[in-house]
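What follows is a single structure, written as structure tokens, with notes after it.
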Number of protein chains: 2
Amino acid sequence: MPALQNDRLLRALLREPVDATPVWMMRQAGRYLPEYRATRARAGSFMDLCKSPELACEVTLQPLERYPLDAAILFSDILTVPDAMGLGLYFTEGEGPRFERTVRSAADVRALRLPDPEEELRYVMDAVRTIRRALAGRVPLIGFSGSPWTLATYMVEGGSAKNFARCKRMMFDSPALMHDLLGRLAQAVTAYLNAQVAAGAQALMIFDTWGGVLTPRDYREFSLDYMRRIVGGLTREADGRRVPVILFTKGGGQWLADMADTGADALGVDWTTDIGDARARTGDRVALQGNLDPCMLYASPERIRSEVGRILDSYGRGHGHVFNLGHGIHPDVDPDRPAALVAAVHELSRPYHA
Amino acid sequence: MPALQNDRLLRALLREPVDATPVWMMRQAGRYLPEYRATRARAGSFMDLCKSPELACEVTLQPLERYPLDAAILFSDILTVPDAMGLGLYFTEGEGPRFERTVRSAADVRALRLPDPEEELRYVMDAVRTIRRALAGRVPLIGFSGSPWTLATYMVEGGSAKNFARCKRMMFDSPALMHDLLGRLAQAVTAYLNAQVAAGAQALMIFDTWGGVLTPRDYREFSLDYMRRIVGGLTREADGRRVPVILFTKGGGQWLADMADTGADALGVDWTTDIGDARARTGDRVALQGNLDPCMLYASPERIRSEVGRILDSYGRGHGHVFNLGHGIHPDVDPDRPAALVAAVHELSRPYHA
């Protein structure tokens, strides 16, 4: 493998010195880019795109051609794991992801298979290998998975939840069954992430998109505890370098101190928390990733620049900050806007690292 | 007016001694009740129901016939104010509220009229008078309004926002224009709430449904500051009794201490914050209202009861707690479930007030 030419991301995630704050964007390979829409049209369905290592590699690299981003992230979907466990994932236009089979009974949970990442999920591992080769050391590649709780919501509801009626009812009335499901998911996710590292992923991120709909107590018991188990089971070194792990719970700003105790190297922070306040509450235990309001990319380049300055100032001097949006980039953003964001981060952050 | 027979709500909102914790539910007059659906069908459209003082009174009283709730809340919609300012509100099946005209330019803001509550909003005031008469002192009547920021999101977007693209762009790129709009809304809401008090409302609640989508800084500048202005301009006494004001920002758990500084008597707390933690952070400055996960009403009566006990225990001994859901009741809840909730609150809370 060629040597890594830009290791700002890996260094910042481990709170090591960098010359400028690294920046990438959640969903940076996505619908806001016309070149993504063109590849997507060629691929056929969204799952066809995910299942083609060559096309997944193509869209993963597209944002790097436009912007001097400091990381690539595997193009895939969080629902590949439940699909490989036997649920039959498909996407409907306008309605999002759906499963052919749902998980609502003890028999449903028992029927779930623990996928072998190099068998049922080989297309993901092939994508990781293809992307890593194509990157040729330009920037590191981030692998990822959904959190057990987040995956469970889709598996129990059969798709996107409206108000989480079924999965919360299972959690409230049949907690042992929900724990059984989450335990199996934690096992599957651990194996999945470790296989991504073996295939070439240089950092990992766990997306807990729906942990924020829980009470603090339920969050700790049904989401955070399973992320902690995963973190404890991960391969933390590859190619002689530490593989940092980022945890991100959307809407989890109140629980950052608990999240910092899981052993993760970094926490994602959404825009509803001040990042300086997040830093004060987590101390020097973790790096922080965030946290521009994704809607700021609808504003003028000047306004984007001033907000980038404000966030850098709030984090303050010292290392351990990875700039990102507080959530995925919206599909109707003008592709000129991320250019203003990335330039502002690299330019305005240098004094904080001097 | 007949004397108030049950003043637990008013006393608890002012942190005065009560025998048991009062309880009501956001959206308690609503679609989960078959009798509501029957009245709604007779009324015609949703707005016809809001605009008929007799039918609005009928549905306001329906949950009180089923459950021994400690408060009634005016049946109405937060968008009556923008409608009266000239935007032309209507509802479409499945898509929710829509406005005939939107507010996107300085000319649009200037064209907004400041409604006279006893003219353009007379149907609301007539509903308050009708309900208050029909209640005959059984429980107090809560009046309400949306917050300026929350109303502005609908006015700029033309209906429910998907990702707040237009209203946030106005806030980011044209802050003076957004402040002009919010200032007019604060004036309109103050007059609207004061008119509700004059018509008979005995407590007031400001619903900031969308304050939680802002950064902490934007929240203070574009939502909280206008709620503070409203609180400062309200009539705080009627019939020789204080009229308590409740502020509720959904997703605002991180900002409760700031909210407690507005002069409001009580804060609504959603289920993502522990109510004991909220109490510790707000001290004895305000009462707290909340905070059962609305999804708990999908669970068994036994589970509902245990969760009620847990929340009462978390708040702890002493007065100043009004039990409620952390958000509106879901329309597909079995109407037997709120009975378990209300009984559990009244029964289990007595030792905390002994």
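Quick caveat: nothing in here was measured; it's all calculated off a predicted structure. Protein chains get the first letters and strands the later ones, always in sequence-line order, with residue 1 at the start of each.
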Below 4.5 Å, heavy-atom pairs only: which of [options] has the largest tally toward chain A?
| options | answer |
| --- | --- |
| B:Gly212, B:Ser306, B:Gly253, B:Ala165 | B:Ala165 |
| B:Cys295, B:Pro294, B:Gly326 | B:Cys295 |
| B:Asp293, B:Asn163, B:Asp274, B:Thr215 | B:Asn163 |
| B:Met296, B:Glu307, B:Arg169 | B:Met296 |
| B:Arg217, B:Met170, B:Met171 | B:Arg217 |

(message) Testing the 3.5 Å rule here: is there a donor-acceptor pair between the side chains of A:Thr272 and B:Tyr219?
(response) no
(message) Here's a test for you: under side-chain contact (heavy atoms from CB on, under 4.5 Å), which of A:Thr102, A:Val109, A:Val103 qualifies with A:Met155?
(response) A:Val103
(message) If I take atom CZ from residue A:Phe222 and atom OG1 from residue A:Thr153, how far apart are they, to the nearest 0.5 angstrom?
(response) 14.0 Å
(request) Examine B:Tyr298 together with B:His330 and report whether their ring centres are nearer than 6.0 Å. (result) yes
(message) Regarding B:Arg228 and B:Asp261, does a basic nitrogen lie under 4.0 Å from an acidic carboxylate oxygen?
(response) no
(message) So that I can tick it off, tell me whether A:Glu157 and A:Lys162 are bridged by a salt bridge, with the cut-off set at under 4.0 angstrom between side-chain N and carboxylate O.
(response) no
(request) Could you look at B:Val333 and say if it's the side chain, the backbone, both or neither that has a heavy atom under 4.5 Å from chain A? (result) neither
(message) Is B:Asp270 in contact with chain A via its backbone, its side chain, both, or neither, using a 4.5 Å heavy-atom distance?
(response) neither
(message) At a heavy-atom distance under 4.5 Å, which candidate from A:Asp332, A:Asp218, A:Val213 has the highest pair count against chain B?
(response) A:Val213
